[in-house]
Amino acid sequence: MVRTSQQLHPAREPAPVRAAATVLLLRDTPAGIEVLMTRRSATASFAPGAYVFPGGHIDAADEAAKRIATRRPTQSRVQRTQAIAAIREGFEELGVLLARRADGSRVTAEDIASMDRNATAGTGFADQCAERGLILCSDEVFTFAHWITDRDLPKRFDVPFLVARFPEGQVPTADESEQFEPSWVRPADALARHDAGTFFMIFPTVRTLQRMATYATVDAVLAACAPGTDGEVPLWTSCPRAGLLKGEDARYMETDAPFGELALVCPDGQVAHALDWQSEHAVPLLKNVQRLTAPNPSAMTGPGTNTYIVGDADTGYTVIDPGPNDFDHIGRLWRLTHGDIRMIVCTHSHADHSPGAAPLQALCKAARPPILGLPSAPTARATARFTPERALEDGERLVLSGTTSEGEAITHTLRVVHTPGHAANHLCLVLEEDGLLFSGDHILNGSTTVVDPPDGDMTAYLDSLDTLDLVCAAGVVGFILPAHGYVIGSARTAIAQLKAHRLKREAKIAAAMQRLPEGTPEQWLSLAYDDVPERMWPVAARSLAAHVARIQQLQQAGAR
């Protein structure tokens, strides 16, 4: 858990959320699925002028309307209330009514015309339906997604995005007060028009339509929402976060690469953190953690190698992974720390991590900080040889301490965790007071690390993932700070997903080896990495070799 004293932005309470519901009314066409959307009033207090799906607040009367509503056996009471609210809002805003008579026949245009769309407050909607013997078809409404409005916005909602088939024989008519211009649109077309600036939609609508565009029919959508072993659950739940990209607001879901970084830097949703990659200036992540990205972007390094600076003016600094021997990068590190570097730590010996250590040390003539890490093994390539001034023990603690100007003691403790696998001499560091894991190349954001034999070992790599999972569980580590890419949130989930990915890839490699027992690694590669761009196969071949060695070791062990 990050210390509040180290947060860059003062804590604030986001606006409370209100329960709401919206529904995507769908129909099949020869060109694919179409969804009914309308344009909100330009004076609306939330998302003015945006194209949306019908919906609104959940009222107490929606609960009472259960007396005239159907329910699936797997549909929870909450889901049925949400469905009723969406049905009511669809009637109020568009004059569309998902209902049927007691004999099972559908409502007609005449039934709808006889009802007052403006008299639905309280029990008005339910009473009008009951007077006509209508039953709300809430059993035909399914949960597609669950959105919680971003923390930075002044009005916030907790809203399921529901889906239902549009009832035959009805014609949508906007209320011309809240909603205008009812339009049938293919998801892909809506997204294209949004990108062109002619069909404005808010972030959750865009992301929902991106997912909707992957389905060919309404039946396919409804089947995707069918109950599973955990009951009826949305395909995803998200409370997005916003940062700044090229000076503009940019929003991200939990599965997007920048989300974890925004959660670390702006936990209460402040839109204050710039996400642009650059190497001229350090990026503050906490008061005691900065990131300076080396100017070495490539297919292998992503935006560049991240050097982390831990500490402050009261304690001095530890530099983690000084990076390549780049004159400008080393100079920036020296200026950022005012030369008060107490330790230089290399997570491993690869050429984009450790060569900057000696020239950085040379700049700090007065302090001459020790270069720490693990010596490279004999298996290391010639370009990845490294000998620290002192080898770090597994579990060893590196401590920075001092006294603030207010006279308070402050400490930053980095615990060493040996994590061979990506390289034989790889280690990670845990900032204990703030629950941060500096993962080097063992865990990356946006890609999986290369395990290149003989210095790389897949069994050791997977075992080290298990070690890190235990470290995160015991020390309440919440965030991972990788050597490439943004900060990763939900540390244990990220580790579990990474291990599952590696084992899934290994299963594909084993299947390829079984299919072609006399095959070559090149032949196995084309089968096992058929989901990876061919231009990346030369890099993937290294990890394939590590997996093949592990599979053969396991087979030999099983044969004994």
Side-chain angles (χ1 to χ4, degrees), residues 1-9 11 151 238-243 252-270 272-275 277 282-293 302-303 305-312 318-321 345 347 397-398 400 411-417 419 426-449 464-499:
M1 182 70 70
V2 175
R3 290 171 288 184
T4 56
S5 63
Q6 300 306 310
Q7 291 286 359
L8 295 172
H9 306 287
R151 297 161 185 82
S238 180
C239 179
R241 290 184 178 276
Y252 301 94
M253 292 173 63
E254 289 78 354
T255 52
D256 296 328
F259 187 90
E261 183 156 320
L262 295 172
L264 172 66
V265 181
C266 305
D268 297 329
Q270 302 92 334
H273 184 62
L275 293 162
W277 286 105
V283 175
L285 301 174
L286 297 172
K287 290 180 180 178
N288 59 330
V289 179
Q290 301 176 73
R291 178 183 64 214
L292 182 65
T293 302
T305 302
N306 293 331
T307 297
Y308 291 101
I309 305 157
V310 177
D312 52 52
T318 294
V319 171
I320 301 172
D321 281 340
V345 183
T347 62
R397 287 174 167 82
L398 307 174
L400 293 172
T411 302
H412 312 301
T413 306
L414 290 165
R415 177 157 53 97
V416 178
V417 184
T419 53
H426 197 286
L427 60 81
C428 296
L429 298 163
V430 176
L431 182 55
E432 295 187 323
E433 289 85 359
D434 297 303
L436 306 182
L437 170 65
F438 297 89
S439 65
D441 276 358
H442 203 81
I443 300 172
L444 307 177
N445 190 341
S447 64
T448 54
T449 194
S464 292
L465 282 180
D466 291 339
T467 297
L468 291 177
D469 181 61
L470 291 174
V471 168
C472 290
V476 198
V477 171
F479 297 92
I480 299 172
L481 282 66
H484 305 282
Y486 295 113
V487 174
I488 303 168
S490 304
R492 296 196 69 194
T493 299
I495 291 170
Q497 291 174 343
L498 179 56
K499 184 172 182 181

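Side chains are part of it too, since the values below use all heavy atoms of this structure and drop only hydrogens, waters and symmetry mates.
The backbone N or O of Pro267 sits less than 3.5 Å from a side-chain atom of Arg241, completing a donor-acceptor pair. Of the possible polar contacts, one joining the Thr449 side chain to the Asp441 backbone as a donor-acceptor pair under 3.5 Å is found. Between the side chain of Glu254 and the backbone N or O of Phe259, no donor-acceptor pair lies under 3.5 Å. Listed for the Tyr308 side chain is no donor-acceptor partner under 3.5 Å among the backbone atoms of Ala483. When atom types are taken as modelled, the side chain of Asn306 and the backbone of Arg291 share no donor-acceptor pair closer than 3.5 angstrom.
In this structure, Leu414 CG and Cys428 SG are separated by 12.0 Å, a value rounded to the nearest 0.5 Å. Atom CG of residue Asp321 and atom CG of residue Leu292 lie 12.5 Å apart, to the nearest 0.5 angstrom. The OG1 atom of Thr293 sits 4.5 Å away from the CH2 atom of Trp277 when rounded to the nearest 0.5 Å. For the atom pair CG (Asn288) and CD (Gln7), the distance works out to 9.5 Å, reported to the nearest 0.5 Å. One distance of note links NE2 of His412 with NZ of Lys287; it measures 11.0 Å at 0.5 Å rounding. Put simply, CG on Asp312 and CD on Gln6 are 6.5 Å apart, with the number rounded to the nearest 0.5 Å.
For the pair Leu286/Leu436, a side-chain contact is recorded, criterion being any heavy-atom separation below 4.5 Å from C-beta on. Inter-residue side-chain proximity for Lys499 and Asp466 is flagged as met; some heavy-atom pair is nearer than 4.5 Å. By the 4.5 Å heavy-atom criterion applied to side chains, Ile320 and Leu429 are counted as neighbours.
The two residues Arg492 and Cys472 make their nearest non-hydrogen contact at CG-CB, 3.7 Å. Between Pro482 and Gly485, the shortest heavy-atom contact is CG-O, 3.7 Å. Across Glu261 and Leu275, no two heavy atoms sit closer than the pair OE2-CD2, 4.3 Å. Residues Val310 and Leu400 share a closest heavy-atom pair of O-CD1, 3.5 Å. The two residues His9 and Val265 have their closest heavy-atom pair at CD2-O, 3.3 Å. For Ser439 against Ile443, the heavy-atom pair with the smallest separation is OG-O, 2.8 Å.
Screening Ile480, Val477, Thr419, Leu498 for a side chain to side chain contact (heavy atoms under 4.5 Å, CB included) involving Leu468 leaves a single residue, Thr419. Residue Asp434 forms a side chain to side chain contact (heavy atoms under 4.5 Å, CB included) with just one option from Leu264, Val2, Val289, and that option is Val2.
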Is there a side chain to side chain contact (heavy atoms under 4.5 Å, CB included) between Leu398 and Thr318? Walk through the geometry before answering. CA-CA 9 Å; Leu398 307 174; Thr318 294; 5.6 Å; no
